[in-house]
Amino acid sequence: MNPILLRPRLALAPLLVAFALPARALVEEVPFVVTPDSVTQAMLELARVGPGDHVIDLGSGDGRIVITAARRFGASGLGVDIDPALVAKSIENARAAGVDGKVRFIEQDLFKTDLDPATVVTLYLLPEVNLKLRPSLLALKPGTRIVSHDWDMGDWKPDKSVTIPVATKKLGTKKASDVHLWIVPTYADGLWCGQGNATGTKMTISQQFQQATGTVSNVRGVYHFEGRVEATRLASTAGDGRIAFDVSGDDLKVRGAEGVFKHLDGTPFKRSCCGSCRDY
């Protein structure tokens, strides 16, 4: 039931014009629109929200999505809105729902919000606002879930999308809402050098959001793979063999392998800072 930020005149403007505007200009003077319960439920279920989560809702309106996350899923939450009347209403609604000890609401420009505490970020914003937020979202902890109602993130494609029938929907041309989920991927791009018994083996990974391609080379030859990054794990989906990695900062550990990569099981790698691999 997340309220949304809508500005039809910006929705029709070219993205270049939108990006030329100050960030706050994208979210000022915004009408309040309520999202149906079914869509709110779908957003939280798609993100697998639970008692251990902290949900931050950007453009929280009267607080419905944060209150629902606390009341139905046991999460804590923060709602952010620039309208003081809606923030006051949210606080009142949380108190009435009995979850005022688990959630809070602040009047703030969403672009100035500290998102680091979030495990889940919910959005119902226009595409140009999503794109301005995208760098901040990608910088969050790997595994953080981002859920958006209707609007996407440009060429950062969702990990999963569902469509919810909404017979009473007045916005758009269809009586349905799309809900999109992204899982923030770790940063695996770069040159990785084998250590210990993998000395002399190097791996180069090229990453575009959650998609990755890579090569592994050593005295046995050069092998290629395509993979997908989910949170801190990269697993191959095609290529010369099957392999999965756990990535933590500048350390990479082979989780499992098959075929030509079998000899790499359990092997640690280090991200190269100098652009070349050497013996350790």
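Only a predicted model underlies this, so the values are computations on that prediction, with no experimental measurement involved.
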Undergrad: Between Phe261 and Val254, is the side-chain contact (heavy atoms from CB on, under 4.5 Å) condition met? List the steps.
TA: CA-CA 10 Å; Phe261 295 127; Val254 178; over 6 Å; no
Undergrad: Under a 4.0 Å N-O cut-off, is there an ion pair linking Lys89 with Asp83?
TA: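 No, no charged N to carboxylate O under 4.0 Å.
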Undergrad: With a 4.5 Å cut-off on side-chain heavy atoms, are Leu123 and Val147 touching?
TA: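 The answer is no; the side chains never approach within 4.5 Å.
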Undergrad: Can a donor-acceptor pair be found, under 3.5 Å and without considering hydrogens, that links the side chain of Thr144 to the backbone of Leu140?
TA: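 Checking the backbone N and O of Leu140 against the side chain of Thr144, no donor-acceptor pair under 3.5 Å is found.
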Undergrad: Indicate if Leu138 and Ile56 have the same hydrophobic cluster label, given that clusters are the connected sets of ILVMFWY residues with side-chain heavy-atom separations under 4.5 angstrom.
TA: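 Yes; Ile56 is reachable from Leu138 via cluster members.
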Undergrad: What distance separates Leu110 CG from Asp81 CG, expressed to the nearest 0.5 Å?
TA: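 Leu110 CG to Asp81 CG: 8.5 Å, rounded to 0.5 Å.
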Undergrad: Please determine whether salt bridge (Lys or Arg N to Asp or Glu O under 4.0 Å) holds for the pair Arg64 and Asp57, giving the CA-CA distance in whole Å, both sets of side-chain angles, and the decisive distance to 0.1 Å.
TA: CA-CA 10 Å; Arg64 294 166 183 257; Asp57 185 22; over 6 Å; no
Undergrad: Looking at Lys141, I want to see if its NZ is surrounded by more than 12 non-hydrogen atoms of other residues, nucleotides or ligands under 6.0 Å.
TA: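 Atom NZ in Lys141 is packed in, count exceeds 12.
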Undergrad: Answer yes if Leu137 and Trp151 sit in the same cluster of Ile, Leu, Val, Met, Phe, Trp and Tyr residues linked by side chain heavy atoms under 4.5 Å apart, and no otherwise.
TA: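 Yes, it is one cluster - the side chains of Leu137 and Trp151 are joined through contacts under 4.5 Å.
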Undergrad: Same cluster or not: Val229 versus Trp182, using hydrophobic residues (I, L, V, M, F, W, Y) connected whenever any side-chain heavy atoms lie under 4.5 Å apart?
TA: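 No, Val229 does not connect to Trp182 through the hydrophobic network.
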Undergrad: Which pair of heavy atoms, one from Pro142 and one from Thr232, lies closest together, and at what distance?
TA: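 It is CB-CG2, 3.8 Å.
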Undergrad: Does any non-hydrogen side-chain atom of Lys132 lie less than 4.5 Å from one of Phe111?
TA: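 The answer is yes; the side chains approach within 4.5 Å.
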Undergrad: Can you tell if the side chain of Leu125 reaches within under 4.5 Å of the side chain of Ser148, non-hydrogen atoms only?
TA: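 A side-chain contact under 4.5 Å is absent here.
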Undergrad: Which heavy atom in Gly256 sits nearest to a heavy atom in Asp265, and how many Å separate them?
TA: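 Scanning both residues, the minimum pair turns out to be C-OD1, 3.5 Å.
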Undergrad: Check whether any side-chain heavy atom of Arg72 sits under 4.5 Å from a side-chain heavy atom of Leu44, and report yes or no.
TA: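 Side chain of Arg72 against side chain of Leu44, heavy atoms only: no contact under 4.5 Å found.
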Undergrad: Between Asn130 and Asp152, is a side-chain contact (heavy atoms from CB on, under 4.5 Å) present by the stated rule, with each step listed?
TA: CA-CA 7 Å; Asn130 281 0; Asp152 61 20; 5.9 Å; no
Undergrad: To the nearest 0.5 Å, what is the distance between CD1 (Ile67) and CD1 (Ile65)?
TA: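 Separation between the atoms: 11.0 Å.
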Undergrad: Which value, rounded to the nearest 0.5 Å, describes the distance between Leu115 atom CG and Leu133 atom CG?
TA: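 Taking CG in Leu115 and CG in Leu133, the distance rounds to 7.5 Å.
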Undergrad: Give me the atom names and distance for the closest heavy-atom approach of Glu107 to Pro84.
TA: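 It is OE1-CB, 3.4 Å.
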Undergrad: Rounded to the nearest 0.5 Å, how far does OG of Ser236 lie from CD of Glu258?
TA: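 The distance works out to 8.0 Å.
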Undergrad: Shared ILVMFWY cluster between Met203 and Tyr187, side chains joined below 4.5 angstrom?
TA: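 Hydrophobic grouping puts Met203 apart from Tyr187.
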Undergrad: Looking at Lys270 and Asp250, is any side-chain nitrogen of the basic one under 4.0 Å from a carboxylate oxygen of the acidic one?
TA: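 Salt bridge between Asp250 and Lys270, a charged N being under 4.0 Å from a carboxylate O: no.
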Undergrad: For Leu234 and Gly227, work out which heavy atoms get closest and say how close.
TA: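 Of all heavy-atom pairs spanning Leu234 and Gly227, the closest is CD2-CA, 4.4 Å.
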Undergrad: For the residue pair Ser76 and His54, confirm or rule out a side-chain donor-acceptor distance under 3.5 Å.
TA: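 Looking only at side-chain atoms, His54 and Ser76 do form a donor-acceptor pair, the distance falling under 3.5 Å.
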Undergrad: Quick one: salt bridge (Lys or Arg N to Asp or Glu O under 4.0 Å) pairs with a partner in residues 194-216, sequence neighbours left out?
TA: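 Listed once each, the pairs would be none.
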Undergrad: Taking all non-hydrogen atoms of both residues, which atom of Lys102 and which atom of Ala75 are closest, and how far apart?
TA: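 Shortest heavy-atom contact: CE-O, 3.2 Å.
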Undergrad: So, does Ser90 use its side chain to make a donor-acceptor pair with the main chain of Asp62 at under 3.5 Å?
TA: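 Flag set: sc Ser90 to bb Asp62 pair under 3.5 Å.
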Undergrad: Can you list every pair that meets ring-ring contact (aromatic ring centres under 6.0 Å, His included) and has a residue in residues 226-257, with sequence neighbours left out?
TA: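 Applying ring-ring contact (aromatic ring centres under 6.0 Å, His included) to every pair that reaches into residues 226-257, excluding sequence neighbours, yields Phe225-Phe245.
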Undergrad: Locate the shortest heavy-atom distance separating Gly154 from Leu131; write the atom from each residue and the value.
TA: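 Gly154 and Leu131 have their closest heavy atoms at N-CD2, 3.9 Å.
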Undergrad: Any non-hydrogen side-chain atom of Gln208 less than 4.5 Å from a side-chain atom of Asp155?
TA: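 SC-SC contact between Gln208 and Asp155 confirmed.
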Undergrad: Using a strict threshold of under 4.0 Å (side-chain N to carboxylate O), is an ion pair present between Arg271 and Asp189?
TA: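 No, this pair does not count.
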Undergrad: Looking only at the side chains, is there a donor atom on one of Glu45 and Gln41 sitting less than 3.5 Å from an acceptor on the other?
TA: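 Yes.
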Undergrad: Just verifying a value: how many Å separate Leu181 CG and Ile146 CD1, rounded to the nearest 0.5 Å?
TA: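 Separation between the atoms: 8.5 Å.
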Undergrad: Grouping I, L, V, M, F, W and Y whenever their side-chain heavy atoms are under 4.5 Å apart, do Val103 and Met43 come out in a common cluster?
TA: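 Linked within one cluster.
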Undergrad: Can you confirm whether Glu230 is buried at CD, in the sense that more than 12 heavy atoms of other residues, nucleotides or ligands lie under 6.0 Å from that atom?
TA: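 Open.
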Undergrad: Show, in sequence, the C-alpha distance, side-chain angles and deciding distance for Trp192 and Ile205, and conclude whether the side-chain contact (heavy atoms from CB on, under 4.5 Å) test is met.
TA: CA-CA 8 Å; Trp192 298 85; Ile205 298 173; 3.7 Å; yes
Undergrad: Is it the case that the side chains of His180 and Ser161 hold a donor-acceptor pair, with the cut-off being a distance below 3.5 Å and no angle test?
TA: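 Indeed, the side chains of Ser161 and His180 share at least one donor-acceptor pair under 3.5 Å.
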Undergrad: Please evaluate residues Phe105 and Val66 with respect to the criterion side-chain contact (heavy atoms from CB on, under 4.5 Å), reporting the C-alpha separation (whole Å), side-chain torsions for both, the decisive distance (0.1 Å), and the verdict.
TA: CA-CA 9 Å; Phe105 299 92; Val66 172; 4.0 Å; yes
Undergrad: Rounded to the nearest 0.5 Å, what separation is found between the CD1 atom of Ile183 and the CZ atom of Phe209?
TA: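 Ile183 CD1 to Phe209 CZ: 15.5 Å, rounded to 0.5 Å.
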Undergrad: I'd like to know if the side chain of Lys175 reaches the main chain of Pro165, judged simply by a donor and an acceptor atom lying under 3.5 Å from each other, with no hydrogens or angles considered.
TA: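 Judged by distance alone, no pair lies under 3.5 Å.
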Undergrad: In sequence, state the C-alpha distance, the side-chain angles, and the governing distance for Arg228 and Asp159, and then conclude on salt bridge (Lys or Arg N to Asp or Glu O under 4.0 Å).
TA: CA-CA 10 Å; Arg228 184 174 183 85; Asp159 289 286; 2.7 Å; yes
Undergrad: Counting only heavy atoms not in Arg134, do more than 12 sit closer than 6.0 Å to its CZ atom?
TA: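 Above 12, so yes.
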Undergrad: Are Arg255 and Asp246 close enough for a salt bridge, meaning some N to O gap below 4.0 Å?
TA: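 Yes, Arg255 and Asp246 are salt-bridged.
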Undergrad: Does Thr201 reach the side chain of Val216, with side-chain heavy atoms less than 4.5 Å apart?
TA: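 Thr201 vs Val216: side chains touch.
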Undergrad: Judged by atom type as modelled, is there a donor-acceptor pair below 3.5 Å linking the side chain of Gln207 to the main-chain atoms of Thr186?
TA: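 Yes; at least one donor-acceptor contact below 3.5 Å.
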Undergrad: For a quick check under 3.5 Å, do Glu226 and Thr213 share a side-chain donor-acceptor pair by atom type?
TA: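 No donor-acceptor contact under 3.5 Å links the two side chains.
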Undergrad: Are Leu78 and Val80 close enough that some pair of their side-chain heavy atoms sits under 4.5 Å apart?
TA: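 With C-beta onward as the side chain, the pair touches.
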